[in-house]
Amino acid sequence: MLTAWLAAAGGEVLHQVLQIVISLFNRDALIAGIKTSFEDSSNPLLASDALLEVTASMAIFGSALLSMAVVGLLMFMLTKLATQHKWAGSARRLWFAFSIYFGLRLFFVFSAVPGGSKAPEWLIVGDGMVQILVGVTAVMGLLFSMKEEVLDYTGELAQIRKMEKELAEEKRRKMLEKNDDSADDTPWYKRRGQDHSRGRGQDHSRGRDKDQDQDQK
């Protein structure tokens with residue numbers, strides 16, 4: 001599991017680097033798109049070449065920085081999982097979610113048709129192959145992560161058993177309360193009359209005992 005997810009993380013880093021290179025090849029198309037969005041503006045400075053260059057560069061490297069931050073988080077959580085840290089369960093669940101994403105992205109790689117890209121075909125094909133590798137290894141790690149020994153390793157199995165025990169005790173307590181309520185289903189007003197009658201019977205019994213004691217004396 002750890003090896004598969006480590007390979008997926010390394011492949012994702014390579015994929016992000018290739019995406020930066022491909023975006024640089026398509027920089028002119030990006031600038032043209034930004035210029036079109038600025039054409040309706042009354043400020044001519046917004047459509048200047050210098051500002052367009054800076055905006056395109058910020059868009060490319062800003063997106064790459066965000067993607068690398070996500071990959072860095074995944075690598076950090078993978079180290080917590082490898083060292084059996086107290087966050088190991090959270091790390092496994094995080095990687096589980098991202099493995100599903102990487103697996104779904106795998107299908108879009110086969111259906112994607114690059115059009116209008118100035119990047120070399122070998123670069124686009126190489127990036128696609130890297131995404132396939134990431135998807136396959138991530139799904140492999142996902143399948144391994146669902147094994148019982150892995151859940152025991154992360155401490156999640158103990159938490160599940162504790163939760164099941166608490167639920168069973170709560171269910172048993174509710175059943176006992178329900179049985180107690182059903183055992184005494186006499187209406188309250190009848191129970192009150194029965195208690196009153198029982199009290200008078202006890203008073204009469206004590207009176208008879210007292211009379212018998214006086215007779216004996």
Side-chain angles (χ1 to χ4, degrees), residues 1-39 47-83 85 87-88 90-147 150 153-154:
M1 177 192 69
L2 294 174
T3 304
W5 277 345
L6 181 61
E12 186 63 18
V13 172
L14 180 58
H15 163 63
Q16 296 301 330
V17 173
L18 294 176
Q19 281 294 304
I20 295 174
V21 177
I22 293 174
S23 298
L24 291 175
F25 275 104
N26 298 321
R27 195 161 175 266
D28 294 337
L30 178 60
I31 293 175
I34 297 173
K35 185 175 182 179
T36 302
S37 63
F38 285 163
E39 285 179 351
S48 62
D49 293 339
L51 182 59
L52 293 175
E53 293 281 343
V54 173
T55 304
S57 298
M58 290 179 62
I60 293 173
F61 290 102
S63 176
L65 183 62
L66 180 61
S67 300
M68 287 297 184
V70 174
V71 177
L73 175 63
L74 291 175
M75 293 288 290
F76 172 76
M77 295 302 285
L78 191 60
T79 59
K80 299 301 180 183
L81 181 58
T83 56
H85 192 266
W87 295 349
S90 300
R92 189 198 69 85
R93 291 189 293 270
L94 179 65
W95 265 99
F96 188 93
F98 271 91
S99 296
I100 295 175
Y101 162 72
F102 291 141
L104 293 176
R105 191 181 65 179
L106 178 63
F107 294 99
F108 291 102
V109 173
F110 293 103
S111 60
V113 179
S117 178
K118 294 183 180 180
E121 292 185 1
W122 63 266
L123 185 60
I124 298 175
V125 172
D127 182 53
M129 293 175 62
V130 171
Q131 291 186 63
I132 293 173
L133 176 64
V134 171
V136 172
T137 53
V139 171
M140 288 176 60
L142 182 147
L143 295 176
F144 288 130
S145 70
M146 292 187 294
K147 290 187 175 182
V150 175
Y153 171 81
T154 60

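Not measured: the values here are computed from a predicted model.
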V109 side chain reached by M129 side chain, heavy atoms, under 4.5 Å:
no

Are the side chains of M77 and W5 in contact, using a 4.5 Å heavy-atom criterion?
no

Report the distance from atom CG of L6 to atom CG of L81, rounding to the nearest 0.5 Å.
11.5 Å

Just by distance, do the side chain of S57 and the backbone of E53 share a donor-acceptor pair under 3.5 Å?
yes

Checking M1 against L143 for the side chain to side chain contact (heavy atoms under 4.5 Å, CB included) test, could you report, in this order, the C-alpha distance in whole Å, the side-chain angles of both residues, the deciding distance, and whether it holds?
CA-CA 8 Å; M1 177 192 69; L143 295 176; over 6 Å; no

Look up atom CZ in F61 and atom OG in S23, then write down how far apart they are to the nearest 0.5 Å.
9.0 Å

Check S99 against A138 and note the closest heavy-atom contact, atom names and distance.
OG-O, 3.2 Å

Greater than 12 external heavy atoms within 6.0 Å of M75's CE:
no

Student check: side-chain heavy atoms of L65 and M58 closer than 4.5 Å
no

Which heavy atom of A9 sits nearest a heavy atom of V71, and at what distance?
O-CG1, 4.1 Å

Side-chain heavy atoms of T137 within contact of L133, under 4.5 Å
yes

With a 4.5 Å cut-off on side-chain heavy atoms, are F96 and M146 touching?
yes

Any idea how F102 and F98 line up, ring-wise: parallel (<30°), tilted (30 to 60°), or perpendicular (>60°)?
tilted

Pair T154-K80, side chain to side chain contact (heavy atoms under 4.5 Å, CB included): steps then yes or no
CA-CA 10 Å; T154 60; K80 299 301 180 183; over 6 Å; no

Atom pair CD1 (I22) and CD1 (I60), whose distance is rounded to the nearest 0.5 Å:
11.5 Å

V130: partners by side-chain contact (heavy atoms from CB on, under 4.5 Å), with sequence neighbours left out
L14, H15, L18, V134

Heavy-atom nearest pair, L106 first then Q131, reads CD1-O, 4.2 Å

Looking at R27 and A56, would you say the former's side chain and the latter's main chain have a donor-acceptor pair under 3.5 Å?
no

Other residues, nucleotides and ligands only: do more than 12 of their heavy atoms fall within 6.0 Å of CZ on F144?
no

Working to the nearest 0.5 angstrom, can you tell me the gap between R92 CZ and L142 CG?
8.5 Å

Euclidean distance, I132 CD1 relative to D127 CG, rounded to 0.5 Å:
10.0 Å

Closest heavy-atom pair, S67 versus Q16, reported as atoms and distance to 0.1 Å, is CB-OE1, 3.1 Å

Grab the two heavy atoms, one from N26 and one from K118, that are nearest each other, plus how far apart they are.
OD1-N, 2.7 Å

When rounded to the nearest 0.5 Å, the distance separating CH2 of W95 from CG of L2 is 10.0 Å

